[in-house]
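These notes concern the structure reproduced below.
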Amino acid sequence: MKFKLQRIGIVGIAIAASLLATSCTSTKVSQCADIIKVVNQTVVDTKTTTESGTKGDVPTIEKLVGIFDKASKDLSSVNVSDEKLKTYQSQFLTMYRGATEINKQLVASIKERKSTKVHEGLRKSRNIFSPERDLATGLTQYCKAPEK
């Protein structure tokens, strides 16, 4: 999990840096910036939490639930009119909402000491972020491209 979060952090920083060098209209730039701000904050919060906690312990996972829930709410409140950005926003929301639910189930499984469900939850938790790299790369490329 730590490896994925470090990769997410690197991707998030790359997205932010790429926006500074774009020549898009202010509307597209501001919409990209609003989405990226939420994504980057989520990466920072997730990385901080996982580095300060014990891997797989209930308090750490509960903090992650809060982080992903907040990210979902924050990202939902971003006003996006660009159709392509709406798609990226939706895909990030799916990832964050899925992570929230998976981690809630993981906490319950740990508390109930159901090892089979814990292993399943850990697998699901790893898989929920599998589209993250492609999603971040696509968002970065789209935000870099001048608006037509």
Side-chain angles (χ1 to χ4, degrees), residues 1-110 118 120-148:
M1 190 167 196
K2 200 174 204 178
F3 172 74
K4 278 231 187 253
L5 296 174
Q6 289 172 344
R7 190 185 73 198
I8 291 170
I10 292 169
V11 172
I13 292 167
I15 292 171
S18 71
L19 282 179
L20 297 175
T22 63
S23 61
C24 305
T25 66
S26 62
T27 303
K28 183 178 172 185
V29 169
S30 65
Q31 290 175 24
C32 284
D34 290 345
I35 291 173
I36 290 168
K37 180 179 176 185
V38 173
V39 171
N40 282 343
Q41 187 60 53
T42 304
V43 168
V44 169
D45 293 347
T46 302
K47 187 174 181 183
T48 301
T49 298
T50 57
E51 288 177 352
S52 67
T54 303
K55 185 178 179 181
D57 73 340
V58 171
T60 300
I61 298 169
E62 287 174 333
K63 286 179 186 176
L64 291 173
V65 167
I67 290 167
F68 296 129
D69 188 49
K70 181 180 182 317
S72 296
K73 290 175 183 170
D74 291 349
L75 196 55
S76 291
S77 70
V78 173
N79 185 16
V80 178
S81 60
D82 182 286
E83 288 304 316
K84 186 87 168 168
L85 288 176
K86 281 183 184 182
T87 300
Y88 285 113
Q89 180 185 36
S90 173
Q91 291 171 332
F92 274 109
L93 280 169
T94 298
M95 199 167 53
Y96 292 148
R97 288 175 180 152
T100 299
E101 290 309 309
I102 289 167
N103 283 296
K104 282 180 182 178
Q105 292 168 3
L106 186 57
V107 167
S109 297
I110 291 170
V118 170
E120 180 183 334
L122 291 171
R123 182 186 54 75
K124 285 181 180 178
S125 184
R126 283 189 302 270
N127 290 340
I128 192 70
F129 287 102
S130 62
E132 174 268 331
R133 180 179 289 274
D134 290 339
L135 184 58
T137 300
L139 177 63
T140 301
Q141 290 173 348
Y142 182 70
C143 289
K144 278 180 162 180
E147 200 164 349
K148 296 177 182 177

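Start at 1 with the first residue, then count along the sequence. Note that the structure is a prediction, hence the values are computed from the model and not measured.
Residues satisfying the side chain to side chain contact (heavy atoms under 4.5 Å, CB included) test with Thr49, not counting sequence neighbours, are Thr60, Lys63, Leu64, Ile67. With sequence neighbours excluded, the residues forming a side chain to side chain contact (heavy atoms under 4.5 Å, CB included) with Lys124 are Ile102, Gln105, Glu120, listed by chain and number. Taking Lys104 as the reference, Glu101 meet the salt bridge (Lys or Arg N to Asp or Glu O under 4.0 Å) condition, with sequence neighbours excluded. Partners of Asp34 by salt bridge (Lys or Arg N to Asp or Glu O under 4.0 Å), not counting sequence neighbours: none found. Legend: residues meeting salt bridge (Lys or Arg N to Asp or Glu O under 4.0 Å) with Asp69, ordered by chain and number and at least two apart, are Lys73.
Ring orientation note: the planes of Tyr88 and Tyr142 are tilted relative to one another, at an angle of 30° to 60°.
Of the possible donor and acceptor atoms, none in the side chain of Thr48 sits under 3.5 Å from a partner among the backbone N and O of Asp45. Side-chain N or O atoms of Ser130 include one that pairs as donor or acceptor with a backbone N or O of Asn127 at under 3.5 Å. Put simply, the side chain of Gln31 never gets that close to the backbone of Leu85: no donor and acceptor are under 3.5 Å apart.
Across every non-hydrogen atom of Leu106 and Val118, the tightest pair is CD1-O, 3.5 Å. Closest of all the heavy-atom pairs between Ile36 and Cys143 is CD1-SG, 4.5 Å.
Counting only residues at least two apart or on different chains, the salt bridge (Lys or Arg N to Asp or Glu O under 4.0 Å) pairs with a member in residues 81-91 are Glu83-Lys86.
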